K.L.:
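Attaching a single structure in structure tokens format; questions to follow.
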2 protein chains.
Amino acid sequence: MTEQLNILILSCGTRNKILQYFKKELDGNGLVYAADTSELAPALYEADEHFIIPRLDEENYLDSILSICKENNIKAVLSLIDPELNVLAKHKDDFLNIGTLPIVSDKEAVELSFDKYKMFKFLETNGYNTVKSYIDKEEFYKDIEYGVIDYPVFVKPVKGSASINISKVTSKEEVDLLFNRFDNLMIQEFVDGPELGADVYIDMISGETVAIFTKEKIKMKAGETDKSVSFKEYELFELISRFCEEAGFKGIVDVDVFKVKGEYYISEVNPRFGGGYPHAYECGVNVPELIINNIKRKSNEGNVGNFEAGVHMLKFNEIMIMNKDNHILD
Amino acid sequence: MTEQLNILILSCGTRNKILQYFKKELDGNGLVYAADTSELAPALYEADEHFIIPRLDEENYLDSILSICKENNIKAVLSLIDPELNVLAKHKDDFLNIGTLPIVSDKEAVELSFDKYKMFKFLETNGYNTVKSYIDKEEFYKDIEYGVIDYPVFVKPVKGSASINISKVTSKEEVDLLFNRFDNLMIQEFVDGPELGADVYIDMISGETVAIFTKEKIKMKAGETDKSVSFKEYELFELISRFCEEAGFKGIVDVDVFKVKGEYYISEVNPRFGGGYPHAYECGVNVPELIINNIKRKSNEGNVGNFEAGVHMLKFNEIMIMNKDNHILD
């Protein structure tokens, strides 16, 4: 009898495609479990079984996840939202002790990715192109005075995601106003160039970057890629491989990149499946398969850039209907 | 031989469900044509045939739409985006002359719905509850002084949709800053209560409101309803019927309503299929069928509120993949 490779996907939300892909790749050799805090998360109903779990800030959160893993013989757990990645990374050993592999980077790398200023410093120190960033507004005003940087700039929270509270700002007056009103802001250079995204898999066993899919984002919607087109440039593959390994990322990672005057600028990392991952999968960059191999303690061979350029992804809305007894209708 | 009821849907964008519903309701008794300015609009590929058309601001826009209607024996045309509704309403006769019925309200009603301040005045004059609105900031400051209104307030463009550039503002300083930076703004009272939405059909022949579906919006995403739950209140049906007929709306209309302290406040009208319409359809409020009857010169019987309460709609993303030769893959 082969071992059942049960997988648990936390905070599945509206990410139905991810659930569908894991079910397809497991192909009966394990069950896909989904969890969310709300029964109104449609992706729950793609799974073989699903659980409604406490919120991250509730006391019994960690215990209930660990119980679900233990009781259902879960071999690997992953999350689709940022705040939960910290928890998985911090409590990695608790999961490993009960035989569950968290598909997540180490704590330090996860923290690096959620602190935009720390990331800026890391990139600067290690010789990568960076988008100029300030947390000290006086330092920024000095650079304005010396012509090192110009308006417009972005003012955004140091920690935060999905374009929430990001303001394009054109004057000192507005910078002051935002800094007076909100805490923990940073000022970031406005760069004008195509926005690119990379779906990257760094093997959990070998630590090597084994898959990269790169796309240009053509249209965004609510902070998520709505339309994109694949492209290939070996220079960018090399940059991303080096960066991910140097920063210590592991597993599936989504990297945002700008291209300005022919140069690549790494802007942000989400150490989880990005909202645009379905594009990569449909082009043959099969991350669920790579994860399943790692769960089986098999490392993956390097296969970076094995996809076709010029392929478009176009998102649209599908719906689920839940009747008044909370049953999903077909 | 029965007449072919060909229908053209303009600016179909990502509204795949609308195309699917029309195809289903026509059931072979006519073809569904779709048009968009971009070949990256996924809903194009749901239609029987599709066209890439000039942008609204291009000179040959109207002529190319009229040609498509004429050459393909189009019996009715509708648009899924706001700017195009003005054009359809303004040139209604040009379409009627070639045997195509534009499914759109009259020019005056369309204009009313796109001018938030005009709408405020209409509601106030006709005795409806309204959300207090100002275009004169000095008048607003006076009302602040007299305690008629309090911060926070919304500052938004008088004309504009999809929550673009809407700011929740807490001080005179911020109001001044926004008014200095942008033109044609208005200040609107911040009301705190459930956001409701109504999908309404006003018969194109009788002018009577024949269908209303009402839902509470549970979650929004990029200005669109992402999760909603149906509910029924006859008082609201009456209010919406009276309002739509008094304001002269026709065909399919999406009405936004707030409920504050037990009272309903009409906030906005989109005189087209709203982004949350699939909820209504799946609950049996079949607007494509009502439209098809009107095209056949058959008026519809009143059937307001014929749906079940407590039914949820949950949106999620589906994708289409277009290969490098611009073919959609199955």
Side-chain angles (χ1 to χ4, degrees), chain A residues 12-17 19-20 38-46 162-163 167 170-171 173-174 176-178 180-181 218-230 275-276 278-279 281-283 308-326 328-329, chain B residues 12-17 19-20 38-46 162-163 167 170-171 173-174 176-178 180-181 218-230 275-276 278-279 281-283 308-326 328-329:
Chain A
C12 60
T14 58
R15 310 284 297 275
N16 295 53
K17 300 307 287 180
L19 277 285
Q20 292 170 14
S38 165
E39 66 188 4
L40 300 182
L44 286 172
Y45 309 100
E46 302 278 357
S163 309
S167 299
T170 55
S171 68
E173 195 187 4
E174 287 168 59
D176 283 336
L177 194 117
L178 286 165
N180 285 339
R181 187 161 161 194
I218 301 171
K219 205 185 163 190
M220 302 296 287
K221 196 172 178 179
E224 237 190 45
T225 308
D226 197 53
K227 300 185 203 294
S228 47
V229 59
S230 61
H279 193 176
Y281 182 86
E282 302 292 346
C283 289
E308 217 174 349
V311 177
H312 284 85
M313 176 198 70
L314 316 174
K315 276 191 189 165
F316 62 97
N317 285 318
E318 191 44 80
I319 59 169
M320 273 187 181
I321 296 291
M322 183 191 261
N323 75 8
K324 58 181 182 174
D325 305 318
N326 290 1
I328 297 291
L329 307 182
Chain B
C12 60
T14 60
R15 311 284 296 275
N16 296 54
K17 300 308 287 181
L19 277 284
Q20 290 170 16
S38 165
E39 65 188 5
L40 300 182
L44 286 172
Y45 309 100
E46 302 279 356
S163 309
S167 299
T170 55
S171 68
E173 194 187 4
E174 286 168 60
D176 282 337
L177 194 116
L178 286 166
N180 285 340
R181 188 161 158 192
I218 302 172
K219 204 185 165 190
M220 301 296 285
K221 196 172 179 178
E224 237 190 44
T225 308
D226 197 54
K227 298 184 202 296
S228 48
V229 57
S230 60
H279 193 177
Y281 182 85
E282 301 292 345
C283 289
E308 216 173 351
V311 176
H312 284 85
M313 176 198 69
L314 316 174
K315 275 191 190 164
F316 62 96
N317 286 318
E318 192 45 79
I319 59 169
M320 272 188 183
I321 296 291
M322 183 190 261
N323 75 9
K324 59 182 181 174
D325 304 317
N326 289 0
I328 297 291
L329 307 182

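None of these values were measured; they are calculated from a predicted model. Chain naming here is simple, since letters A, B, ... match the order of the sequence lines and numbering starts at 1 in each.
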K.L.:
In Å, rounded to the nearest 0.5 Å, how long is the span from CD1 of A:Ile319 to OG1 of B:Thr225?
P.N.:
12.0 Å
K.L.:
Closest heavy-atom contact between A:Val311 and B:Lys324?
P.N.:
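Scanning both residues, the minimum pair turns out to be CG2-N, 4.5 Å.
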K.L.:
Of all the heavy-atom pairs spanning B:Thr14 and A:Phe316, show the shortest one and how long it is.
P.N.:
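Reported closest heavy-atom pair: O-CB, 3.5 Å.
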K.L.:
Measuring from atom CD of A:Glu282 to atom CG of B:Asn323, what distance do you get when rounded to the nearest 0.5 angstrom?
P.N.:
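One gets 13.0 Å once the value is rounded to the nearest 0.5 Å.
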K.L.:
Can you tell which of B:Leu329, B:Asp226, B:Leu40, B:Ile328 has the highest number of heavy-atom pairs within less than 4.5 Å of chain A?
P.N.:
B:Leu40
K.L.:
Working to the nearest 0.5 Å, report the span between NE2 of B:His312 and CD1 of A:Ile321.
P.N.:
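Those atoms lie 10.5 Å apart.
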K.L.:
Name the region of A:Ala309, side chain, backbone, both or neither, that has any atom closer than 4.5 Å to a heavy atom of chain B.
P.N.:
backbone
K.L.:
So, do A:Glu318 and B:Asn317 sit near enough that their side-chain heavy atoms are less than 4.5 Å apart?
P.N.:
no
K.L.:
Would you say the side chain of A:Thr170 lies within less than 4.5 Å of the side chain of B:Arg181, judging by non-hydrogen atoms?
P.N.:
yes
K.L.:
Quick check on A:Ile218 against chain B: is it the side chain, the backbone, both or neither that has a heavy atom closer than 4.5 Å?
P.N.:
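For A:Ile218, the side chain is the part near chain B, not the backbone.
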K.L.:
Partners of A:Glu173 by salt bridge (charged side-chain N to carboxylate O under 4.0 Å, His left out), sequence neighbours excluded?
P.N.:
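Checked A:Glu173 against salt bridge (charged side-chain N to carboxylate O under 4.0 Å, His left out); zero matches.
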K.L.:
Pick one of side chain, backbone, both or neither for A:Leu177, based on which atoms fall under 4.5 Å of a heavy atom in chain B.
P.N.:
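Looking at A:Leu177, just its side chain touches chain B.
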K.L.:
What heavy-atom pair brings B:Ala222 and A:Lys221 nearest, and what distance separates the two atoms?
P.N.:
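Smallest heavy-atom distance, with atoms named: CB-CG, 3.9 Å.
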K.L.:
Let's test your reading of the structure: which of B:His279, B:Lys17, B:Glu224 forms the most heavy-atom pairs below 4.5 Å with chain A?
P.N.:
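Highest number of pairs under 4.5 Å: B:Lys17.
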K.L.:
Which atoms of B:Ala43 are under 4.5 Å from chain A, going by heavy atoms: the side chain, the backbone, both sets, or neither?
P.N.:
neither
K.L.:
What part of A:Asp325 is in contact with chain B, defined as an atom under 4.5 angstrom from a non-hydrogen atom: side chain, backbone, both or neither?
P.N.:
neither
K.L.:
B:Lys227: what forms a salt bridge (charged side-chain N to carboxylate O under 4.0 Å, His left out) with it, not counting sequence neighbours?
P.N.:
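Result, salt bridge (charged side-chain N to carboxylate O under 4.0 Å, His left out) vs B:Lys227: none returned.
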